[in-house]
Amino acid sequence: MSTKTRFAPSPTGYLHVGGARTALFSWLHARKHGGKYVLRIEDTDLQRSTTESINAILEAMTWLGLDYDEGPFYQTRRFDRYNEVIDELLEKNLAYRCNCSRERLDALREGQMQRKEKPRYDGHCRGQLVTDSEPHVIRFRNPVDGCVIIDDQVRGRIVFHNDELDDLIIRRTDGSPTYNLTVVVDDLDMEITDVIRGDDHVNNTPRQVNILKALGKEPPRYAHVPMILGDDGSRLSKRHGAVSVMEYRNQGILPEALLNYLVRLGWSHGDEELFTLDQMVEFFDIKDVNKAASAFNTEKLLWINQHYIKNADPARLARLLSIHLGDLGIDPATGPDLVAVVAEQRERARTLVEMAEISAFFYRDYEDFDEGAAKKHLKAAAQEPLQQLRDRFTLLDDWEKEKLHQAVTEVAGVLGLNMGKVAQPLRVAVTGRAASPGIDITLQLVGKEACLRRIDRALEYIGTRVEENAP
RNA sequence: GCUCUCUUCGUCUAGUGGUUAGGACGCUGGCCUCUCACGCCGGUAACACGAGUUCGAAUCUCGUAGGGAGCGCCA
């Protein structure tokens with residue numbers, strides 16, 4: 001049977017990075033083996049499932065580029081099928097009706113807790129005759145002895161003793177099927193060969209295997225991948241910053257960077273850090289995934305993101321950047337060619353948001369000088385060089401970087417100053433800050449008119465500052 | 001509490017009985033340089049602990065400690 005994996009999120013929120021990594025591993029495993037990858041929405045919890053969540057998850061999957069071959073399937077549309085299986089189990093006496101009240105169940109649990117036992121159903125209704133006409137749930141008749149052996153592809157062999165397990169509910173009083181039943185049926189019907197999921201499901205696995213055995217079916221291969229922790233090693237939550245995949249997009253992270261970061265969390269291939277999607281497919285092996293949970297490190301994600309920004313197609317970056325410029329209220333059509341700006345800025349930004357921020361001055365006059373930069377560079381000593389630069393620039397018709405570079409060099413030469421003494425005040429004058437791309441290309445892209453205007457503004461600033469400091 | 005499980009630099013990891021315990025991020029010293037960044041060269045820092053097994057243990061075994069997950073008419 002050819003390989004088939006699935007990603008089965010429950011639509012009770014956005015897609016978070018842990019889910020995304022599980023999806024990536026499943027996707028890679030399927031692609032690696034030339035198999036199929038299916039998407040299934042586990043929406044049987046009618047209370048908590050929302051269409052907004054479904055859309056958010058689909059959007060995130062699309063953004064990441066984790067395309068699926070089948071689905072999305074919705075469990076809520078498969079209730080008839082689940083009932084069919086439940087009825088079959090009931091008929092074969094592999095399941096039974098239970099009318100234990102919540103009160104009895106609560107009392108049972110409380111007693112067990114007090115006796116320091118593992119809380120579980122005591123099988124009270126196993127031999128009881130409960131009719132169809134009264135309110136009841138259906139429980140699976142779990143084997144009482146023997147054990148379940150799971151040869152997990154990442155955890156290795158795990159053994160569970162049946163006497164640790166109880167008779168789980170597979171159909172609620174309201175007639176709806178429960179998770180452990182629906183996964184089993186779906187994975188069976190969809191012919192899933194490899195179940196790759198978070199390791200919070202390890203303890204459910206023996207129950208699912210027992211249901212499978214009762215149905216006379218072979219279990220799939222399992223691979224339980226560890227969780228992702230926050231920067232501080234505790235469970236990942238909103239207080240760690242972004243956890244939603246789409247939030248990373250909003251913060252200017254490239255999807256290939258997020259995928260690359262995620263694949264290296266718990267998996268490695270020698271000393272390699274950077275992988276294209278094709279390389280991931282080539283080298284990935286679910287058996288190489290680590291067992292221990294790993295902490296999400298934003299610094300490293302930013303480093304990887306910068307790598308991809310540096311190497312991305314400038315035209316594509318320009319398209320993405322224009323969105324972030326728009327967030328700043330800037331229309332890139334009103335200034336220099338965005339692709340040219342990107343070419344200069346892409347090795348200076350770790351995210352597209354950063355790139356937008358450091359590129360804003362190309363499109364509009366800065367609000368104020370950066371305080372430290374102005375203090376350091378816009379002082380009396382800068383007056384003369386700036387004035388001379390202004391004079392030369394005014395006469396310059398051919399506004400391109402070679403000529404501009406020449407002008408700056410000449411002013412430095414004439415005044416007997418090194419380049420820094422001339423270029424830095426000029427940079428602060430033109431960009432408002434102490435850091436920017438090379439001064440010549442910066443001048444060229446900002447444009448003659450804006451440069452002259454901003455130099456005047458800087459000269460004015462220096463003028464008032466000199467006056468104030470005068471005795 | 002019970003069941004399952006995890007443990008190499010701050011972080012992600014390589015390592016499968018013999019290594020100066022390697023790489024990457026971060027931090028840091030330097031080079032380059034008109035600034036920032038990129039790039040390049042260097043530094044920092046780890047086998048949780050304790051017993052075994054062995055000539056030899058990060059690697060095998062058993063404990064201990066610490067962490068995680070599960071124990072729902074949630075998924």
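Each chain gets a letter, A, B and so on, in the order its sequence line appears, and its residues count up from 1. Predicted model only: the values in this text are computed from it and were never measured.
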* Asked: So does Gln306(A) get a side-chain nitrogen or oxygen closer than 4.0 Å to the phosphate oxygens (OP1/OP2) of rC38(B)?
  -> yes
* Mark yes or no for a side-chain to base donor-acceptor pair under 3.5 Å between Arg155(A) and rU5(B), with no hydrogen or angle criteria applied. => no
* Quick one: are the ring centres of Tyr14(A) and Tyr248(A) less than 6.0 Å apart? -> no
* Please measure how far the P atom in rG18(B) lies from the corresponding atom in rA58(B), and state the result in whole Å. => 10 Å
* To do: Mark yes or no for a side-chain to base donor-acceptor pair under 3.5 Å between Glu273(A) and rG23(B), with no hydrogen or angle criteria applied.
  => yes
* Asked: Any luck finding a side-chain donor-acceptor pair between Tyr96(A) and His136(A) under 3.5 Å?
  -> no
* Asked: If only side-chain N and O atoms of Asn290(A) are considered, is one of them under 4.0 Å from the OP1 or OP2 phosphate oxygen of rC12(B)?
  -> no
* Thr76(A) and Asp43(A): side chain donor to acceptor below 3.5 Å -> yes
* Structure fact -> Of the listed rC73(B), rC25(B), rU3(B), the closest approach to the Glu164(A) side chain comes from rU3(B)
* Asked: When we call it a touch if two heavy atoms are under 4.0 Å apart, what does Thr182(A) touch: a base, just sugar-phosphate, or nothing?
  -> nothing
* To do: Under 4.0 Å between any heavy atoms, over every strand shown, what does Gly266(A) touch: base, sugar-phosphate, or nothing? Just pick one.
  => sugar-phosphate
* Contact class for Arg109(A) vs. all strands (heavy atom < 4.0 Å): base, sugar-phosphate, or nothing? -> sugar-phosphate
* Asked: If you check every side-chain atom of Ser10(A), which of rC25(B), rA75(B), rU7(B) has the closest atom?
  -> rA75(B)
* Hey, is the side chain of Lys300(A) poking within less than 4.0 Å of OP1 or OP2 on rU13(B), counting only N and O atoms? -> no
* Asked: Can a donor-acceptor pair under 3.5 Å be found between the side-chain atoms of Thr178(A) and the base atoms of rC73(B)?
  -> no
* Asked: Which heavy atom of Tyr308(A) sits nearest a heavy atom of Phe275(A), and at what distance?
  -> OH-O, 2.9 Å
* Taking atom C1' in both rU61(B) and rU54(B), what distance in whole Å separates the two? -> 12 Å
* rG10(B) and rC27(B): how far apart are their C1' atoms, nearest whole angstrom? -> 10 Å
* What interatomic distance, in whole Å, is found between C1' of rA75(B) and the corresponding atom of rG67(B)? -> 24 Å
* To do: Could you check whether Ala295(A) gets within reach of a base, just the sugar-phosphate, or nothing at all, counting any heavy atom under 4.0 Å?
  => sugar-phosphate
* To do: May I ask you to evaluate whether Thr44(A) reaches the phosphate of rA75(B), defined as a side-chain N or O under 4.0 Å from OP1 or OP2?
  => yes
* Using the P atom on both, measure rC49(B) against rC9(B) and round to a whole Å. => 10 Å
* To do: For nucleotides rU44(B) and rG63(B), find the distance between their C1' atoms and express it as a whole number of Å.
  => 35 Å
* To do: Just call it for Ser268(A): base, sugar-phosphate, or nothing, with non-hydrogen atoms closer than 4.0 Å on any strand.
  => sugar-phosphate
* Asked: How is Pro437(A) classified with respect to the nucleic acid when contacts are heavy atoms under 4.0 Å: base, sugar-phosphate, or nothing?
  -> base
* Asked: At under 4.0 Å between heavy atoms, what does Arg264(A) touch on the DNA or RNA strands: base, sugar-phosphate, or nothing?
  -> base
* Asked: Going by atom types alone, do Asn83(A) and Arg171(A) pair a side-chain donor with an acceptor below 3.5 Å?
  -> yes
* If the C1' atom of rA57(B) is compared with that of rC2(B), how far apart are they to the nearest Å? -> 34 Å
* Asked: Is a side-chain donor-acceptor pair under 3.5 Å present for Gln406(A) with Glu410(A)?
  -> yes
* Would you say a side-chain N or O of Lys118(A) is under 4.0 Å from OP1 or OP2 of rG1(B)? -> no
* Pick base, sugar-phosphate or nothing for Ser294(A), based on heavy-atom distances below 4.0 Å to the nucleic acid. => sugar-phosphate
* To do: Select base, sugar-phosphate, or nothing to describe what Lys116(A) touches, counting heavy atoms under 4.0 Å on all strands.
  => sugar-phosphate
* Identify whether any heavy atom of Arg102(A) sits under 4.0 Å from a base atom; if not, whether one sits that close to sugar-phosphate; answer base, sugar-phosphate or nothing. => base
* rA14(B) and rA46(B), which share atom name C1', separated by this distance in whole Å -> 13 Å
* Given Asp440(A), which of His405(A), Lys401(A), Lys403(A) fulfils the side chain to side chain donor-acceptor pair (under 3.5 Å) condition? -> His405(A)
* Asked: NA contact type, Gln47(A), heavy-atom cut-off 4.0 Å: base, sugar-phosphate, or nothing?
  -> nothing
* **N/O donor-acceptor pair under 3.5 Å between Arg104(A) side chain and Ala107(A) backbone** => no
* Asked: Got a donor-acceptor pair under 3.5 Å from the side chain of Arg120(A) to the base of rC71(B)?
  -> no
* Kindly indicate whether the side chain of Asn204(A) and the base of rA75(B) share any N or O donor-acceptor pair separated by less than 3.5 Å? => yes
* Just checking Leu265(A): base, sugar-phosphate only, or nothing, at a heavy-atom cut-off of under 4.0 Å? -> sugar-phosphate
* Asked: Heavy atoms under 4.0 Å, any strand shown: does Tyr261(A) hit a base, just sugar-phosphate, or nothing?
  -> nothing
* Would you state whether a donor and an acceptor, one from the side chain of Asp271(A) and one from the base of rG22(B), lie under 3.5 Å apart? => yes
* Which part of the nucleic acid does Val159(A) contact within heavy-atom distance under 4.0 Å: base, sugar-phosphate only, or nothing? -> sugar-phosphate
